[in-house]
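The structure appears right after this line, and notes come after that.
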Protein chains: 2
Amino acid sequence: MTETARRDPEAVSKFVEGFAAQLVEAGMQRMPARVFAALLSSDSGSLTSAELGDLLQVSPAAVSGAVRYLAQQHMVAREREPGSRRERYRVHSNQWYEALTSREAVIKRWEHALREGVDSLGEATPAGRRLAETLAFFEFLDGEIAMMMDRWRAHRDRVFGGGVES
Amino acid sequence: MTETARRDPEAVSKFVEGFAAQLVEAGMQRMPARVFAALLSSDSGSLTSAELGDLLQVSPAAVSGAVRYLAQQHMVAREREPGSRRERYRVHSNQWYEALTSREAVIKRWEHALREGVDSLGEATPAGRRLAETLAFFEFLDGEIAMMMDRWRAHRDRVFGGGVES
DNA sequence: CCTTAACTTCACAAATTTCTGAAATTAGCG
DNA sequence: CGCTAATTTCAGAAATTTGTGAAGTTAAGG
């Protein structure tokens with residue numbers, strides 16, 4: 001074939017907005033969600049600030065804020081294009097859902113709050129026991145998630161072949 | 001001892017607000033988070049609308065909205081107090097984190113959105129492959145979570161003894 | 001060094017969300 | 001059946017969040 005099917009900008013946009021909407025529903029802020037969806041649906045897996053602004057019809061300021069948030073969450077990486085002051089933002093498709101599932105920081109903070117609750121309400125009280133059980137659940141989760149991700153990587157390599165990049 | 005340590009309302013409130021804040025940070029709306037934390041920290045595991053309003057210093061309307069949301073998410077159950085038109089809202093400590101982890105509806109919608117993306121961008125494109133991999137990850141998650149929760153229940157029965165209620 | 005492209009920060013306007021008071025609805029109980 | 005306690009719904013006020021334009025900062029390239 002002389003030409004692979006050209007990307008239909010409208011189809012892409014439809015996916016971007018649809019997927020972003022689901023992320024928003026799950027608690028993510030709108031702009032980070034849109035930026036993230038845009039990156040996910042790009043062929044190279046990375047876009048510049050200008051491209052994002054253009055694609056999503058938003059100001060550079062909005063892109064900047066969204067990217068800062070996503071980078072903090074380890075959902076995108078920033079990389080400097082050598083020989084230019086342009087920056088690219090990239091989803092490492094492996095990495096992002098690892099960030100999503102581990103959420104270490106979140107779980108740790110929950111555990112901390114629960115531990116304080118157990119202490120201040122007393123281990124012997126019904127409420128204290130309930131909190132302790134909840135805490136035990138998150139501690140259990142912590143360990144399980146790590147093992148699960150190991151299994152996922154194995155499964156992934158089997159299905160997608162070890163070699164896929166980005 | 002003639003008297004178990006009396007609940008210190010201030011300590012309780014401190015836990016409620018602290019834990020609620022963490023839930024908010026993770027994407028939950030403020031009022032449902034506060035109501036939920038209050039229920040978690042109650043000895044009986046259940047409170048009436050009036051008790052909640054009093055405890056959290058909010059209007060009945062606010063309680064009503066929060067409870068509706070929590071019930072939809074299967075994080076609390078409503079139960080009618082027999083012989084009264086008063087309603088109690090309860091956390092089944094087992095059930096709530098099961099609701100939290102399964103999030104079936106959420107995952108299903110993500111999967112749906114991703115499937116559409118794969119279709120419209122094309123399986124053969126780099127972006128399509130990335131979405132397909134992400135989709136595969138969620139499908140994998142689905143199955144893993146069920147098994148993990150089985151292991152949790154076993155672990156829980158071992159540690160907390162099978163008998164704890166509510 | 002100076003110029004200038006690229007990104008970030010900041011103050012503010014706009015949009016959205018959240019909570020309230022009040023009216024409407026529901027369902028026990030006499 | 002009406003009376004009334006309990007909850008829900010709804011319109012709107014208040015607070016918060018979000019995105020913009022413009023000024024500020026950084027660093028590549030001459």
Side-chain angles (χ1 to χ4, degrees), chain A residues 13 16-17 19-39 42 44 46-73 75-90, chain B residues 13 16-17 19-39 42 44 46-73 75-90:
Chain A
S13 169
V16 168
E17 298 307 329
F19 193 61
Q22 299 303 332
L23 294 174
V24 167
E25 190 135 342
M28 190 183 282
Q29 295 155 348
R30 179 168 311 275
M31 193 57 66
R34 298 216 299 151
V35 166
F36 183 73
L39 286 170
S42 71
S44 67
S46 76
L47 295 169
T48 66
S49 177
E51 290 167 334
L52 282 166
D54 187 51
L55 215 61
L56 304 175
Q57 295 293 323
V58 292
S59 70
V63 173
S64 173
V67 160
R68 172 158 40 117
Y69 172 84
L70 291 169
Q72 273 174 356
Q73 308 295 313
M75 291 176 70
V76 310
R78 334 164 77 103
E79 38 188 59
R80 208 33 158 285
E81 229 166 33
S84 166
R85 65 230 96 176
R86 199 173 275 139
E87 208 150 16
R88 302 193 72 84
Y89 309 111
R90 148 161 283 128
Chain B
S13 168
V16 168
E17 298 306 329
F19 193 62
Q22 299 302 333
L23 294 174
V24 168
E25 190 136 340
M28 190 183 281
Q29 295 155 350
R30 179 168 310 276
M31 192 58 63
R34 298 216 299 151
V35 166
F36 182 73
L39 287 171
S42 70
S44 66
S46 75
L47 294 169
T48 65
S49 177
E51 289 168 333
L52 282 166
D54 188 51
L55 215 62
L56 303 175
Q57 295 293 320
V58 293
S59 70
V63 174
S64 173
V67 159
R68 173 158 38 117
Y69 173 83
L70 290 170
Q72 274 174 356
Q73 307 296 312
M75 291 177 70
V76 310
R78 334 165 77 106
E79 37 187 60
R80 210 29 160 285
E81 227 166 35
S84 167
R85 63 229 97 173
R86 198 173 277 139
E87 207 151 19
R88 302 194 72 82
Y89 308 111
R90 148 162 282 127

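Letters A, B, ... are given to chains in the order of the sequence lines, protein chains preceding strands, and every chain is numbered from 1.
With sequence neighbours excluded, the residues satisfying ring-ring contact (aromatic ring centres under 6.0 Å, His included) with A/Phe36 are A/Trp96. The side chain to side chain donor-acceptor pair (under 3.5 Å) test applied to B/Gln22 returns A/Arg109, not counting sequence neighbours. Annotation: side chain to side chain donor-acceptor pair (under 3.5 Å) contacts of B/Gln29 (sequence neighbours excluded): none.
A donor-acceptor pair under 3.5 Å links the side-chain atoms of B/Arg90 to the main chain of B/Ser44, judged by distance alone. Between the side chain of A/Arg34 and the backbone N or O of A/Leu56, at least one donor-acceptor pair lies under 3.5 Å.
Of the inter-residue distances, the one linking A/Met28 atom CE with A/Gln73 atom CD reads 7.5 Å to the nearest 0.5 angstrom. One distance of note links CZ of A/Arg85 with CZ of A/Arg80; it measures 9.5 Å at 0.5 Å rounding. The OH atom of B/Tyr69 lies 14.0 Å from the CE atom of B/Met31; values are rounded to the nearest 0.5 Å.
Rounded to whole Å, atom P of D/dT25 lies 16 Å from atom CZ of A/Arg68.
Put simply, A/Gln29 has no side-chain N or O that comes within less than 4.0 Å of OP1 or OP2 on D/dT17.
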Contacts under 3.5 Å, N or O only, protein and nucleotides 19-24 of chain D:
| from | atom 1 | to | atom 2 | distance (Å) |
| --- | --- | --- | --- | --- |
| D/dT20 | OP2 | A/Ser59 | N | 3.1 |
| D/dT20 | OP2 | A/Ser59 | OG | 2.9 |

Short heteroatom pairs, N/O only, protein and nucleotides 3-6 of chain D, under 3.5 Å:
| from | atom 1 | to | atom 2 | distance (Å) |
| --- | --- | --- | --- | --- |
| D/dA6 | OP1 | B/Arg86 | NH2 | 3.0 |
| D/dA6 | O3' | B/Arg85 | O | 3.3 |

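Counting heavy atoms of neighbouring residues, nucleotides and ligands inside a 6.0 Å radius, atom CZ of B/Arg30 does not exceed 12 of them.
Boundaries of the chain B contact region on DNA chain C are C/dT18 to C/dC29, first to last in 5' to 3' order (nucleotide atom under 4.0 Å from a heavy atom).
Of the N and O atoms on the side chains of B/Arg88 and B/Ser46, at least one donor lies less than 3.5 Å from an acceptor on the other residue.
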